[in-house]
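What follows is a single structure, written as structure tokens, with notes after it.
It should be emphasised that the depicted structure is a prediction, and the values quoted were computed from it without experimental measurement. Remember, it's 1-based here, ligands and their atoms both numbered in the order they're listed.
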Amino acid sequence: MDQSKEQRILNSVSYNAVKGDPESVLDCIDNYCSQKEWAMNVGDEKGVILDKVVEEADPTIALEFGTYVGYSAIRIARLLKPNARLLTIEFNPEFASIAREIIEIAGLSEKITIIEGHSQDIIPQLREKYQVDKVDFVFLDHWKERYCPDTILLEECGYLRKGSILLADNIVYPGAPDFIKYIRSHKSFDCTNYPSHLEYMKVEDAMEKAVYMG
Ligand code: SAM
Ligand code: MG
């Protein structure tokens, strides 16, 4: 059977990256996806915004919706302090398995837990199954129609504390208008927009940061 694009990304990482070196894994994925085949990683340009927001949040518990092959999970986890962890949710079993291998090559398996399933099913289980009380940082990068309902679910389940930071990708392309309307009109969120470009393209895109004010 023909290999998938994601398998080819893994092959490139296995062949070219330095084991245990997250930066070399990120560089390898960025090189492959900018030169050979486009893929939906947050990428190096918006990745810098992601890095800054993770550093600002300095999370103990970080959460990600949409693991794909693990690129942003590696970006986030490489910045985590000792004893901090990232839980990342992915419903595609092939992507989850490839991400596991790439994260292992990056040497970050101990910091990252990949949870297989739909975000809407996993969120209500985070407290009992994954010992999550509050989340300090959330990266939203799954299918865009889930941004708004999953944010509401996070609030309803009581995972947000004063100062929890949400960062949403792809606010312009492909866009998440219902989420933007909800978050900007919600009195408990303080929002900032970061204009940028779609990963590996010249197409306009942006990220939105929303700080929960309690
Ligand atoms: N965050 C990744 C990165 O930057 O490296 C890219 C994530 S990709 C844009 C979106 C991923 O979300 C896909 O792998 C897709 O299978 C997954 N996904 C979409 N909707 C989901 C949902 N409701 N629950 C779990 N995973 C979902
Ligand atoms: Mg994205």
Less than 4.0 Å between a side-chain N and a carboxylate O, is that true for Asp2 and Lys5? no
Which residues share a salt bridge (charged side-chain N to carboxylate O under 4.0 Å, His left out) with Asp21, sequence neighbours left out: none
In sequence, state the C-alpha distance, the side-chain angles, and the governing distance for Tyr212 and Phe189, and then conclude on ring pair (Phe, Tyr, Trp, His ring centres under 6.0 Å). CA-CA 5 Å; Tyr212 192 68; Phe189 285 104; 5.2 Å; yes
Please tabulate, line by line, the atom pairs linking an N/O of ligand 1 to a protein N/O at a distance below 3.5 Å, with the distance in Å to 0.1, or answer 'none'.
{"from": "ligand 1", "atom 1": "1 (N)", "to": "Gly66", "atom 2": "O", "distance (Å)": "2.8"}
{"from": "ligand 1", "atom 1": "1 (N)", "to": "Ser72", "atom 2": "OG", "distance (Å)": "2.8"}
{"from": "ligand 1", "atom 1": "1 (N)", "to": "Asp141", "atom 2": "OD2", "distance (Å)": "2.8"}
{"from": "ligand 1", "atom 1": "4 (O)", "to": "Val42", "atom 2": "N", "distance (Å)": "2.7"}
{"from": "ligand 1", "atom 1": "4 (O)", "to": "Ser72", "atom 2": "OG", "distance (Å)": "3.1"}
{"from": "ligand 1", "atom 1": "4 (O)", "to": "Asp141", "atom 2": "OD2", "distance (Å)": "3.2"}
{"from": "ligand 1", "atom 1": "5 (O)", "to": "Ser72", "atom 2": "N", "distance (Å)": "3.0"}
{"from": "ligand 1", "atom 1": "5 (O)", "to": "Ser72", "atom 2": "OG", "distance (Å)": "3.3"}
{"from": "ligand 1", "atom 1": "14 (O)", "to": "Glu90", "atom 2": "OE1", "distance (Å)": "2.7"}
{"from": "ligand 1", "atom 1": "14 (O)", "to": "Glu90", "atom 2": "OE2", "distance (Å)": "3.3"}
{"from": "ligand 1", "atom 1": "16 (O)", "to": "Glu90", "atom 2": "OE2", "distance (Å)": "2.6"}
{"from": "ligand 1", "atom 1": "20 (N)", "to": "Trp143", "atom 2": "N", "distance (Å)": "3.4"}
{"from": "ligand 1", "atom 1": "23 (N)", "to": "Ser119", "atom 2": "OG", "distance (Å)": "3.0"}
{"from": "ligand 1", "atom 1": "23 (N)", "to": "Gln120", "atom 2": "OE1", "distance (Å)": "3.4"}
{"from": "ligand 1", "atom 1": "24 (N)", "to": "Ser119", "atom 2": "N", "distance (Å)": "2.9"}
{"from": "ligand 1", "atom 1": "26 (N)", "to": "Phe91", "atom 2": "N", "distance (Å)": "3.2"}

Ionic contact status for Glu55 with Lys81, cut-off 4.0 Å: no
Could you check whether Tyr147 and His142 have their ring centres less than 6.0 Å apart? yes
Sphere of radius 2.8 Å around the Mg ion (ligand 2) - protein N, O or S atoms inside: Asp141 OD1, Asp169 OD2, Asn170 OD1
So, Arg161 and Asp133, do they make that salt bridge, N to O below 4.0 Å? no
Would you list the pairs meeting salt bridge (Lys or Arg N to Asp or Glu O under 4.0 Å) in which at least one residue belongs to residues 197-206, sequence neighbours left out? Lys46-Glu199, Lys46-Asp205
Do other residues, nucleotides or ligands put more than 12 heavy atoms under 6.0 Å from Tyr182 OH? yes
Could Arg184 and Glu208 be called an ion pair, given the rule that one side-chain N must be under 4.0 Å from one carboxylate O? yes
